[in-house]
Amino acid sequence: MKICEVDIFGEKYSLRAEMDDTFVRDLARYVDSRMREVANASPSASPLQVAVLAALDIASEVTAPAEAGAENSQKVLALADDVETRARRMLERISRASPEIQNA
């Protein structure tokens, strides 16, 4: 396991990671930038509050696509059920009309 030095919100951290150093540094830069955005929006927030709010923002970014995907999947399934129901009704109508068409 390697140790990677990063700087987040003015604090230096020595992180042990099995990931590539560049990737770890990119993650740290991303967290730092999010914390700075939160700090700019809430200048009276403590560093701990900034960290928690940034963590919540990042978590919402990660979970929102999954929730949207689940919601979209539900919509697709509902639409597929509706199409199947309509197709079944249409086939029933065709089968009832079929003898009439054949007798004409």
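Excluded from the calculations below are hydrogen atoms, water molecules and symmetry mates; all remaining heavy atoms, backbone and side chain alike, are included.
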Separation of M35 CE from D57 CG (nearest 0.5 Å): 11.5 Å
Taking only residues two or more places apart in sequence or in another chain, which ones pass side chain to side chain donor-acceptor pair (under 3.5 Å) with Y30? R34, E61
Of all residues at least two apart in sequence or in a different chain, which pass the salt bridge (charged side-chain N to carboxylate O under 4.0 Å, His left out) check with R29? D26
Counting N and O atoms only, with roles assigned by atom type, does the side chain of S42 sit under 3.5 Å from a partner on the main chain of A39, one being a donor and the other an acceptor? no
Is there a donor-acceptor pair closer than 3.5 Å between any side-chain N or O of E11 and the backbone N or O of I8? no
Show your reasoning for whether side chain to side chain contact (heavy atoms under 4.5 Å, CB included) applies to D21 and K2. CA-CA 8 Å; D21 287 356; K2 299 181 276 185; 4.0 Å; yes
Are any side-chain N or O atoms of S46 and backbone N or O atoms of Q49, one a donor and one an acceptor, separated by less than 3.5 Å? yes
Please determine whether residues M1 and Y13 belong to a single hydrophobic cluster, defined as Ile, Leu, Val, Met, Phe, Trp and Tyr linked transitively by side-chain heavy-atom distances below 4.5 Å. no
Donor-acceptor under 3.5 Å (D32 side chain, A28 main chain): no
Test side chain to side chain contact (heavy atoms under 4.5 Å, CB included) applied to C4 and R25, step by step: CA-CA 8 Å; C4 182; R25 286 189 184 98; 3.8 Å; yes
Sorted by chain and residue number, the salt bridge (charged side-chain N to carboxylate O under 4.0 Å, His left out) partners of E5 (sequence neighbours excluded) come out as none
So, do L15 and I3 sit near enough that their side-chain heavy atoms are less than 4.5 Å apart? no
Which heavy-atom pair separates A45 from V50 by the least distance, and what is that distance? CB-CG2, 3.8 Å
